[in-house]
Every structure is written in C-alpha cells, then in structure tokens.
Amino acid sequence: MKGPLFFAKILLFGEYGIIKDSKGLSIPYNLFWGTLKLDEKETEVTLASHQSLCDYTEYLKGLPDKLLRLDWKSLQADLDRRLYFDSSIPQGYGVGSSGALVAAFYYRYAVDRVSPQADLTPKKISLLKSIFSDMESYFHGQSSGLDPLNSYLSLPLLIHSKNKIETTGIPPQNVQGKGAIFLIDSGCSCATSPMISLFLENMKQEGFRKMMRDEFALMTDLCVENFLKGNVKTLFSNIKSLSALFLKHFKPMIPDEFYELWKKGLESNAYYLKLCGSGGGGYMLGFTRDLDAAEKVIQGYPLEVVYYF
C-alpha cells in the first residue's frame, strides 16, 4: 500500500493573528511531503512511526462518532501490517508535519469523507476544518485545523476569520525576478504548544491586546491584500512594519541567534523576516526585493526559495 502524497504548508501571513480573527494566507509547499505506507523493511524510524500511529489511533477512538467516522477494520488491518507515515516534512519547523499526517489518515480511513476534488462550498470547508481541528489537537493540545485542511485540499487558503475560509488563487511567480520569499533554517525544532501558551498569556495584558488589534492585525490584513493583488511595492512597505512588530513584541518566539539577523534586515532593507508558524525554532520566513543582496547579508544560512517576485 502506498497512499497519495500530502504536502507541507507555509502560512505566508497570519501566525498568531488568525487566533484572534485577523486574515491569513496559507499555501501548500511541495518540497516536503508525507504518505502512509506499510512497513516492508523494518527500521528504527519506521517502527517509531508505527508506534506513534498506534498511539494516535487510540486517541481517535475517543472522538465523537457524529464528527468523525473511521473504517476501524481497515485501519486495524493496516496497523497489524505495521502501518507507518513516510515523511520528509521536518517536525517542529512550522511547515505542517502533523497536518499532513492528519490529512493522510482522513483520506484513507474516513467513512463518507469529503473529497478534496469536491465542489468546495463554505459548508464543506467548515466541516473539514472542524474535523481536522479535533484530529490534530492530539499533537498540539489545541489546533485550528488549518494545516491539515491545506494539506488535504492542496490549494492556497484565504482565512478571513476562524469561521470564514475559502480557497483562493495566488499571483503567478516571476521565476526570472530578483525578489523572493524564502525559508531560512534556525537549525532547531520547537514544539507549538509552549509558544501558543506564551502568546495566550501575553494576550491577558491590555497593551499587548491593543497592539494585536490595532497594529498587528491591520498589518497582516494589508500584507494579505497586497500579496493577492500583486502590489509588491506596498507589500514590502507593510512587511517591514510587520517584521518590526514581530521583533518588538514576539522576542521570545525568535531564536536568540536570529535576533541580530532580524534586526540587520530591518536596518539594511536587504530583507525582512517574520515567523513561519509559532516560532521558537524551525524555519523563519524572509521577504526580499533582491535575493542576491539578501544572501550576502545573511551569509552562512542557506535559503530555500518559496516564491519569486
């Protein structure tokens, strides 16, 4: 057995903001993928994955049937044949490793599943998000369901609010362009739950709540709008403001060794960094008008281009 591939995702805009109903934009990222397989050549990696799927299955059994019905007979038969998840998606890097697993599980074992090729009405998207939220909460304590939704549909998602999400198109890349969106590797992974807990703790402070409402959400919404309309000049102006907000108010989520690099980008205007996911480690997301110039300033950190302007 080999299932279809489920890709990683990149939340271009919206981390933390979407928790409080600002806009977000998430895209599939096919450099990394995962798929369910049956273990024919037993290794430490496949055995560990198999055991984690057994544990995950026990969690799924506790979810209400009215929300999620699985083909338990087929699932158990596959587990008996040492089912595992073959994945190239780095864990704890903010690119949706657990989301791809959840999408793969739902695709293979859900009874009466909503097809990813179906006419995706708002009602169907909302239903999938709700199902995926419960399924992925096993990994993060609390999940929005957006990562599995993106991986399952393999389409860009425009998040208007928690309860209003739609698939969308994004402007075509200019592969000959000098500008780019890129990933930069912090070299360490980080669990999502502690970062979310820290954010929610900060939200108890009136000043932080006001910043999120009056500045952060506004800048995020503008960046989403600029990107979708292909307004690159205005996008970079707003990205700089958003990057500065991250540096000032989200310092605990920025790995220590990236703080000066982040600051250097703002001061030189060679690039602007933001979190990719919850932060604390994993990937950072960068935006630059001139990739060659950015690489010279960032020396020593390999960049992985996501999108060319």
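FYI, side chains are in, hydrogens and waters are out, and symmetry mates aren't considered; it's all heavy atoms of this structure.
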Next on the checklist: Both conditions, 6.0 Å and 45 degrees, for the charged tip of K37 above the ring of F85: are they met here?
Outcome noted: no
Next on the checklist: Checking T35 against D86: is there a side-chain donor and acceptor pair closer than 3.5 Å?
Outcome noted: no
Checklist entry - Does one side chain, of S189 or Q91, offer a donor that lies under 3.5 Å from an acceptor on the other? => result no
Item to check | Minimum heavy-atom distance between C276 and L183, given as atom pair plus value | outcome: SG-CD2, 4.0 Å
Checklist entry - Listed by chain and number, what are the salt bridge (Lys or Arg N to Asp or Glu O under 4.0 Å) partners of D119, not counting sequence neighbours? => result none
Checklist outcome for this item: Heavy-atom nearest pair, L67 first then S130, reads CD1-OG, 3.8 Å
Next on the checklist: Under the criterion side-chain hydrogen bond (donor to acceptor under 3.5 Å, both in side chains), I'd like the reasoning laid out for S243 against W262: C-alpha separation, chi angles, the key distance, then a yes or no.
Outcome noted: CA-CA 8 Å; S243 180; W262 200 298; 3.0 Å; yes
Checklist entry - Do you know the tightest heavy-atom contact between S115 and L120? => result O-CD2, 4.3 Å
Item to check | Centroid separation F287 to F309 less than 6.0 Å | outcome: no
Checklist entry - Taking the six-membered ring where the residue is Trp, are the ring centres of Y106 and F132 under 6.0 Å apart? => result yes
Next on the checklist: Is there a path of hydrophobic side-chain contacts, each under 4.5 Å between heavy atoms, that joins V45 and I89?
Outcome noted: no
Next on the checklist: Show every side-chain hydrogen bond (donor to acceptor under 3.5 Å, both in side chains) that has at least one partner inside residues 286-309, sequence neighbours left out.
Outcome noted: K178-D290
Item to check | Closest heavy-atom pair and its distance - L285, L11 | outcome: CD2-O, 4.0 Å
Checklist entry - Got a salt bridge between K61 and E58, using NZ or NE/NH1/NH2 to carboxylate O under 4.0 Å? => result yes
Next on the checklist: Looking at K124, I want to see if its NZ is surrounded by more than 12 non-hydrogen atoms of other residues, nucleotides or ligands under 6.0 Å.
Outcome noted: yes
Next on the checklist: Are the side chains of F246 and M253 in contact, using a 4.5 Å heavy-atom criterion?
Outcome noted: no
Checklist entry - Are side-chain N/O atoms of N231 and T234 paired as donor and acceptor at under 3.5 Å? => result yes
Next on the checklist: Taking the side chain as everything from C-beta on, heavy atoms only, tell me whether F236 gets closer than 4.5 Å to N226.
Outcome noted: no
Next on the checklist: Under a 3.5 Å cutoff, is there a donor and acceptor pairing between the side chains of D78 and Y109?
Outcome noted: yes
Checklist entry - What do you reckon, are the aromatic ring centroids of F216 and F250 less than 6.0 Å apart? => result yes
Next on the checklist: Quick check on the 6.0 Å ring-centre criterion: do Y56 and F139 meet it?
Outcome noted: yes
